[in-house]
Amino acid sequence: MLLPGNGIGRDYRRGTKSDEAVAIEEGIDLTLTAGLIGGSAYDKTGSPYPEETQQLAKKADAILLGAVGGPQYDALPPSLRPEVGGILALRKDLNLYANLRPIKTYPALACASSLKVDVLDGTDLLIVRELTGGIYFGPKRREDRNGIETAIDEMVYDREEIARIAKIAFKAAEGRNKKLTSVDKANVLETSRLWREVVTEMAADHPDVAVDHLYVDNCAMQLIREPKRFDVILTENTFGDILSDLAGEIAGSLGMLPSASLNGDFGLFEPSHGSAPDIAGKNIANPIAAILSAAMLFRYSLKEEKAAKRIEDAVEKVIEAGWRTADIVYDDQPIGTDEMTEKILSAL
């Protein structure tokens with residue numbers, strides 16, 4: 001299922017040609033069905049997550065999402081906003097509790113980051129973020145406290161929620177470099193203390209994985225100071241949201257970062273960036289994160305590793321050839337969204 005959403009998400013439609021091209025050549029019977037979500041859905045139906053989209057999403061084998069959001073929706077009640085009533089509702093409805101965000105550096109893109117080349121070189125890490133719990137989904141309310149309007153958002157995690165996302169992270173670490181860093185704020189938060197307890201208990205069942213724990217503020221510093229020290233980072237919803245955006249600087253741009261939100265083999269795949277309404281429709285957005293998200297769709301939901309690798313190799317080939325969109329250009333003339341898509345299709 002394709003959900004272009006809003007803003008630059010709608011600029012990536014041509015990128016789905018990469019899915020079709022690879023599917024045809026690999027003999028995969030791929031059927032694409034488009035739907036509405038976020039602001040575009042609200043504009044047409046009055047709901048950011050309409051009933052038709054809900055039904056189609058539940059019948060799909062996987063979902064490829066563009067982006068949601070826009071300033072014109074900021075004054076709406078939370079349940080009608082693209083982010084809360086749209087994408088968060090979709091994640092909750094489909095129980096997409098595990099978010100995987102790979103962060104990989106390309107030598108040819110070293111100049112796109114503000115970090116030093118020797119700091120970046122060789123960085124290849126995976127952030128595993130819990131996606132349906134924590135403060136984003138906890139009870140929310142406003143109340144009067146001694147005549148003062150007060151807003152309350154509760155961070156809630158239970159043992160089972162922590163264990164199931166930790167299981168994903170341990171499995172990922174076992175398939176990589178066997179190192180897991182669990183990120184929390186256990187010196188302050190009770191949820192983090194439970195988080196650390198559960199991860200520590202589970203570590204005993206994975207003796208081949210080296211486990212360490214970092215407070216989230218220290219982790220943020222170490223991500224910029226020494227990103228190569230990390231292999232798999234496990235963390236809760238809010239911390240994962242912030243850290244993965246910070247990691248965009250490692251890759252040079254959020255326009256380079258794909259993501260997968262999983263519930264078993266079923267998944268929703270989307271670039272890590274937002275809808276960027278200020279550049280929407282101008283043919284300047286970077287389509288690589290969306291195209292790499294499609295590669296993750298082939299890998300995790302369709303179990304087509306060869307197809308996934310072909311897309312990733314095509315992206316790397318284009319980067320090494322020197323082609324750049326505006327967000328990753330250094331001292332040359334950038335190309336547009338459509339041009340970058342065509343270069344990747346040619347490489348395929």
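In what follows, every heavy atom counts, from backbone to side chain, and hydrogens, waters and symmetry copies are set aside. Quick caveat, the model's predicted, so the values are computed rather than measured.
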Glu149 with Arg142: basic N within carboxylate O range, under 4.0 Å:
yes
I need the Glu236 CD to Thr191 OG1 distance, nearest 0.5 Å.
6.5 Å
Donor-acceptor side-chain pairing of Asp241 and Tyr136 below 3.5 angstrom
yes
Quick test of your reading of the model: are Arg310 and Glu305 salt-bridged, counting only N-O distances below 4.0 Å?
no
Heavy-atom side-chain proximity of Glu161 to Asp158 below 4.5 angstrom:
yes
Could you tell me which non-hydrogen atom of Met202 sits nearest to which non-hydrogen atom of Ala166, and how far apart they are?
SD-CB, 3.6 Å
Does the pair Arg141/Glu143 count as a salt bridge with the N-to-O cut at 4.0 Å?
yes
Aromatic plane relationship, Phe170 with His206 - under 30° parallel, 30 to 60° tilted, over 60° perpendicular:
parallel
Are the charged groups of Arg91 and Glu270 less than 4.0 angstrom apart, N to O?
yes
Do the side chain of Lys228 and the main chain of Asp118 share a donor and acceptor less than 3.5 angstrom apart?
yes
Would you mind checking if Glu226 and Arg229 are paired as a salt bridge, meaning a charged N to carboxylate O distance below 4.0 Å?
no
What I want to find out is whether Asp265 reaches Lys303 closely enough, with some N-O distance under 4.0 Å, to be called a salt bridge.
yes
Has the side chain of Thr235 got a donor or acceptor atom that lies under 3.5 Å from a matching backbone atom of Arg129?
no
Salt bridge flag under 4.0 Å for residues Asp184 and Arg193
no
Test of understanding: clusters of I, L, V, M, F, W, Y form through side-chain heavy atoms closer than 4.5 Å, transitively. Do Ile224 and Ile233 belong to the same one?
yes
For the pair Asn263 (side chain) and Phe266 (backbone), establish whether a donor and an acceptor sit closer than 3.5 Å, ignoring hydrogens and angles.
no
Looking only at heavy atoms, the pair that brings Val183 and Phe239 closest together is O-CD1, 4.3 Å
With rounding to the nearest 0.5 Å, note down the distance linking CD1 in Ile291 to OG1 in Thr341.
4.5 Å
Who passes salt bridge (Lys or Arg N to Asp or Glu O under 4.0 Å) against Arg176, sequence neighbours left out?
Asp124, Asp231
Arg81 (side chain) donor-acceptor with Leu76 (main chain) under 3.5 angstrom
yes
Ring-plane angle category for Tyr300 and Phe269, please: parallel below 30°, perpendicular beyond 60°, tilted otherwise.
parallel
Can a donor-acceptor pair be found, under 3.5 Å and without considering hydrogens, that links the side chain of Glu130 to the backbone of Gly133?
yes
Would a distance-only check, ignoring hydrogens and angles, find a side-chain to backbone donor-acceptor pair under 3.5 Å from Lys92 to Thr132?
yes
Validate the cation-pi geometry between Arg164 and Tyr97: distance from NZ or CZ to the six-membered ring centre under 6.0 Å, angle to the ring axis within 45°.
yes
Counting only heavy atoms not in Asp153 (residues, nucleotides, ligands), do more than 12 fall under 6.0 Å from its CG?
yes
Identify whether Val329 and Trp323 are in the same connected component of the hydrophobic contact network (ILVMFWY, side-chain heavy atoms under 4.5 Å).
no
Salt bridge between Glu201 and Arg159, side-chain N to carboxylate O under 4.0 Å?
yes
Give, for atom CG of Asp212 and atom OG of Ser182, the distance between the pair rounded to the nearest 0.5 Å.
8.5 Å
Is Lys179 salt-bridged to Glu174, cutoff N-O under 4.0 Å?
no
